[in-house]
Each structure stands twice: as C-alpha cells, then as structure tokens.
Colleague: 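Below you will find the structure I want to go over with you.
Proteins get letters first, then strands, A, B, ... in listed order; numbering begins at 1 in each. What's counted below: heavy atoms across the whole structure, side chains too, no hydrogens, waters or symmetry copies.
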2 protein chains.
Amino acid sequence: MNKTISDIAQLAGVAKSTVSRFLNGGSVSEDTRQKIERIIKQYNYVPNTFAQSLKAKKTSIIGTVVPRLDSFATSQTLIGIDEELRSNHYQMLIANTSQDMQREIDAIYDFARQKVSGIILLAAEVTEAHLRAVEEIGIPVLLLGQQHERLHSLVHNDDQAGYEMGRYVVAKGHRQIVYIGVTEKDQAVGIHRRQGFQRAIAECGECDVTYYETSFKMSEATVTAEAVLNDNRPTMIVGATDNIALGVMKTAFSNRIRIPHELSVAGFGGYDITEMIHPALTTVKYHYSQAGKLAANHMIRQIAGEPVEKRTVLDVELIPRESVDNQ
Amino acid sequence: MNKTISDIAQLAGVAKSTVSRFLNGGSVSEDTRQKIERIIKQYNYVPNTFAQSLKAKKTSIIGTVVPRLDSFATSQTLIGIDEELRSNHYQMLIANTSQDMQREIDAIYDFARQKVSGIILLAAEVTEAHLRAVEEIGIPVLLLGQQHERLHSLVHNDDQAGYEMGRYVVAKGHRQIVYIGVTEKDQAVGIHRRQGFQRAIAECGECDVTYYETSFKMSEATVTAEAVLNDNRPTMIVGATDNIALGVMKTAFSNRIRIPHELSVAGFGGYDITEMIHPALTTVKYHYSQAGKLAANHMIRQIAGEPVEKRTVLDVELIPRESVDNQ
DNA sequence: CTGAAAGCGCTTACAG
DNA sequence: CTGAAAGCGCTTACAG
C-alpha cells in the first residue's frame, strides 16, 4: 500500500538514487524534477523514517528527560522546547522518570539507543552516574535548570531570585523570618536559591531566619508548615517554590491565621495559579517556556556544529503581590 | 563502536540468524545460548531499533496526541498512559498540538508515518477530518475523553458528573444559579456535562439557571464572571471546569464578594490545587490518571488482537468542600 | 545530471 | 537446532 522510493523511481522513469537526490535537495534537471514531483504528489509518497535513520545513523529527534509531568515548571518548559524544536523540524521525545533517578539514567541510554540527536536533561540532581552516561553515549546533552562544569547547561538565576526575594522581604520590614527550603541535592533550588536569600539577609544585620527543609509536594509542605508554626512565630514564611508557599497558605488558613495581616507568605516560580488565588501570592517569576525554547535552540545549534555557550543564565523577576504585608 | 548482530555472531562463532533467533526467543541449543549470552553481556550489545522496525514495519511506540501540555487533566492522563505503557514495554510519544486542530490531524499522519503501533487521541472535538485520518492510516486509534460511534473510546461519565453536581446544588438550597459552560464543540464538557446538570435542575422545579459560555482559560473565565455578576445576582455559580471556577473565585475576591457566604462556587475536575486554596473548592473528581492507564491498557490489548470494549465509561465522584454554602 | 551497486542492521522463510 | 541468502527502504560514493 505505501509506496517506496523504488516505486516512485519506476513510476517516474528514473533511478531511485535520482529520487533520493531530489528528496535531499541534490541537483536534478528541471525535467526530472517535474516528473518526480508529480508522482510524489500523486501517490502522496513519504519516505520511510526507519530506512532513512538506518543509513544516516541518526534522527531528527531530541529526547527530553523530565523528573515529572505534573508540574507547572515542567509543562511550561516542555512547551517551549516543543515549539522551538517543531519550527526547526525536530521532534521531541519525552521520558518521564517520576523522580526515579535510575530511570533517569536508563532514559539517557534508551535515547542513545534510539539515536536521538540530542538530549535535554531536566534533572534535580546530577550524579556520577549521570556524567558517566553522558560521556558514554557520545551525544550532545544539555542540562536544564541545573549546572555542572562538565556539562552544557542553561539555568535560571536562582541566586538572583533568592537575593531579590530577600531584599524585598527585608525592605518590607520583616525580621522574624522562616525559609522553607528543599534538599541540597537539588543544587539550583536547594543551594543557590537559598544562598541568594541568605546573602540579602546577611546584609540586613538585624534579621533572623530559621531554615526548614521539606519536599516539593504541596501536601508535605503543609505538614512542614504546621511544624513551623508550632515552633516559631515568624512574621514571614518564604517557600522555596510556589507549591511550598501554597502549602504554607493552606496551613495558615486551616489555623485561622490571616494572610498577610498575621503572616506574610511568598514563593518562587510564578505559577499561573499564584495570581488567581486570594490573597495573590508574591513570587519570583521564572521564564520556563523561554528557557525551554532557548535550550532547544542551543541544542539545535550544537548539533549543527555551531559554537554554543557552555552556560547560559536566565534572569528572573520579582512580582510583589498581596501576600506580603509591611511589618 | 556499537556492535552489530554480525559482530556478535562472529564473536560467538555462530550465524547472525542464530543470534537473531536467540534474541527473539526462538529455540537454540543450550550450548549456543551460553556462547551468545556471554558475548552480548560482554559487549553490552543492544539491537538497532531502526533495523528492527524496518523489517518488522512497526514499533513499540504508542503516539499520544494532546491539545495542550499545561493542564492538570492532560498531565495526569499522560502519567497514567506512560506508566501502563512502560510496564508493558511500550514507549509513549507525545504530540502537543496547542489547541490547533490542523496540527492534530497532522500529528495523526505523522505518527502513522513513524509506524506507531497505536494512537491515543485526546481531542476536544472530533471532526470529519479526524475520522478520515483515522481510517486512512489503518492503525488502532483510541479516543480519550470524548466519544464517537465510529471510534473506540474511553470517557469520564460527564453526564453523571453534571447530574450529581446539580443534585448537590439543589439540595444545598440554591435556586438562583449560573452555569458557566464551554463550547458545544467539546461534546463531553460542552454538552454532556451541562445536560447532566440540567437534568438535575429540571427535577427541582423551582430552580432557575442561566447559562453562559466561556473558554477553558482561567483568565477568560474571570472576564465572563465579571459579566455574570453584573447581569445577575446568583447565589451559586458552577463552572464547567475547575479552572473556570477558579476564575470565578478570583473575580469574586476582587469584588469583595465573600465565598461561600455571599456566593457559592463549584467546578469539575478535582485538580490538586482545589483543595489547597481557601475556601477549598467543591468539585467533581475525574480519575484522569486511571483513565490514562486504562486507555493504554485497551490500546495494548487491541494491538495484541484481543477484543476490546468499543466504549468505556469511568465513574466520577462529587467532593463537597467549603466553597458551597447552604442557602 | 544520472544510474548501478553496495551497504545500513536486522528478520524471515527455506534448506539442511 | 543451525546457517546462507534475500530483502526491508533508504543513501552514498563512484562511474559515466
């Protein structure tokens, strides 16, 4: 049913190598061009991808490894990657690892075996196993959201994010502050974001911050927040992500603590939902979809053999809203 | 660098057809099995997917067409599909169409060209062009979230969802009601969900409902809600999705209308966020990830030639929370 | 500009 | 149980 290049060649009365040349933009005479074009149109011929890949030993596919699918950050990033890839005739293949690091490693090898042209890796943590995989496969890999000296990477300016938030909180007059962070294994969020914040606090002099650690889940954040409010009576709680901040708000509500009058709350991310809720959440906006686009763009350029910055940093943007009050 | 089946055959001292047979579970003598196994282990041999697919003319890939990536429903559904597929050694390929119908059609043909074994289609609207594409490609297609007599489908019980919500609203004493729905082109949400609701209202006798239409975007829902509150002073607004309900809440907050005391609000979907906000949103929970799993399961069975129900309906579940008050 | 031939890495009858 | 051969649908030097 599906025509092959031989069929087309025969129908057009030329050799299949000629058809192939035509297909790949090689030079053919005006005359044969027309003949071939007509037949291809007529039979709606499309080349078999496998046969092409088998010869070429590569594909127009970029693999993307994501830790989870149900997160605002991931969705937006994927949308950006997909758009940029699509407009450059690349395809995006997604491997979801459900936060399972072994699956992350497996995904890298799987992609290699499928001969993807490049891999964009959204990993929370970069281990030796990751590095080894990347080296073994010999395919361009771009780390997105984290950085590592041995890898090409594109990151959001987490230090700036933390710092701006810190400055803002201090300027609003808060002195008793709680910062609910995440594991240091996630360097971007767990370390850089927090360190930026700490730097601003250090400049304050009279500010007092207590640090807690929780996971990325809203539900766990509510539990941590409960503990915080038992220990402590801060005027301000900063969550290392919007989800954490949302969890804090939830806990405040259930304890009848009014936001922002009795407690100010802020987060990081700039998720859409943060401006829909009441009070609207003060946050630092990350440009996820732009990051995705840029990542795809770098990857394409790298594949084409063009020089690409080893490390790119994207600016972030503080968005003051209703959830932080003057103190 | 990468070994081929010929290399392995040579190293093991057998013919490549023997290696192939071994690889595909054909019978080989204990002796050769050991030899081959050793070499494969030693060189970490993995068969080339393209060569396999070129011969087999098919793959272990299921294509999934989604209208958007940044929606709770889509994410959860994809997670379900992915899990089920993975545990059956299938891979999921995602095509995001950004709500562009032409891209939906294109995606179907693209998938066919890549010889996916099946396609799971999450479309809001099924047109003649969709049906034609499905017939032309001759690959199993499963419609998820919508139904159509000419296609295999798996749907949530939208009628039940609407009906239960209607009953609940009536039972809570509401008589002046606004229902903000979506286009009828989306039969599941635009028609069935609303009709279930209408049925419950009709049983009420003394209830008055005004219908409005908006899009799936939260931001547009806020605008529609603004219009609603200008026209009308309902005691209850039901949004056809949680996002719409969230938009309504946003508008109520900005107009200093207290929920639920002055206005009750409810939605459909059961998004995670609905229980984090304050007041927590009354909604009907849809089992998206289970739907994804089931869809993948049906697809796999259909590919295996097993008989599969033409149409499957998943139950939904009303979750009363704080956003609806007695009237 | 054009065509015959070899080859990409696998699988599948077919003999033995 | 095992192997030689043909073929899947393309591309790529190489001649002409």
Colleague: Find which nucleotide of DNA chain D each of A/Pro47 and B/Ser27 is nearest to by heavy atoms, and output the residue with the more 5' nucleotide.
Modeller: B/Ser27
Colleague: Would you say the side-chain atoms of B/Thr97 pair up with the backbone N or O of B/Val66, donor to acceptor, closer than 3.5 Å?
Modeller: yes
Colleague: Does some side-chain heavy atom of B/Leu121 sit less than 4.5 Å from a side-chain heavy atom of B/Leu142?
Modeller: no
Colleague: As a check on the pairing definition, encode DNA chain C in dot-bracket form, counting Watson-Crick and G-U wobble pairs whose two distances are under 3.5 Å, and using | for partners outside this strand.
Modeller: |||.||||||||.|||
Colleague: Does A/Arg311 come within less than 4.0 Å of A/Glu149, counting only side-chain N to carboxylate O?
Modeller: no
Colleague: With sugar-phosphate meaning primed atoms plus P, OP1 and OP2, does A/Tyr45 contact a base, only sugar-phosphate, or nothing at under 4.0 Å between heavy atoms?
Modeller: sugar-phosphate
Colleague: State whether the side chain of A/Ser117 and the backbone N or O of A/Thr59 hold a donor-acceptor pair below 3.5 Å, judged by distance alone.
Modeller: yes
Colleague: Kindly compute the distance separating CD1 (B/Ile5) from OH (B/Tyr45), expressed to the nearest 0.5 Å.
Modeller: 4.5 Å
Colleague: From the 5' end of DNA chain D to its 3' end, which nucleotides mark the outer limits of contact with chain A, defined by a 4.0 Å heavy-atom distance cut-off (strictly under)?
Modeller: D/dG9 to D/dT12
Colleague: Is the shortest heavy-atom distance from the side chain of B/His298 to the side chain of B/His152 under 4.5 Å?
Modeller: no
Colleague: Look at the side chain of B/Arg113 and the backbone N and O of A/Pro47, then say whether any donor-acceptor pair between them is shorter than 3.5 Å.
Modeller: yes
Colleague: Map B/Asp31 and A/Leu54 onto DNA chain D by nearest heavy atom, then report which one ends up closer to the 5' terminus.
Modeller: B/Asp31
Colleague: By the 4.0 Å heavy-atom rule, please label B/Thr4 as base, sugar-phosphate, or nothing.
Modeller: sugar-phosphate
Colleague: Which is more 5' along DNA chain C, the nucleotide nearest A/Arg33 or the one nearest A/Lys16? Just name the residue.
Modeller: A/Arg33
Colleague: Students often get this wrong, so: under 4.0 angstrom with heavy atoms, is A/Thr32 touching a base, only sugar-phosphate, or nothing?
Modeller: sugar-phosphate
Colleague: Using a heavy-atom cut-off of 4.0 Å across all strands, would you classify B/Ser17 as base, sugar-phosphate, or nothing?
Modeller: base
Colleague: I'd like to know if A/Glu30 pairs up with A/Lys35 as an ion pair, taking the criterion as any Lys NZ or Arg NE/NH1/NH2 lying under 4.0 Å from an Asp or Glu carboxylate oxygen.
Modeller: no
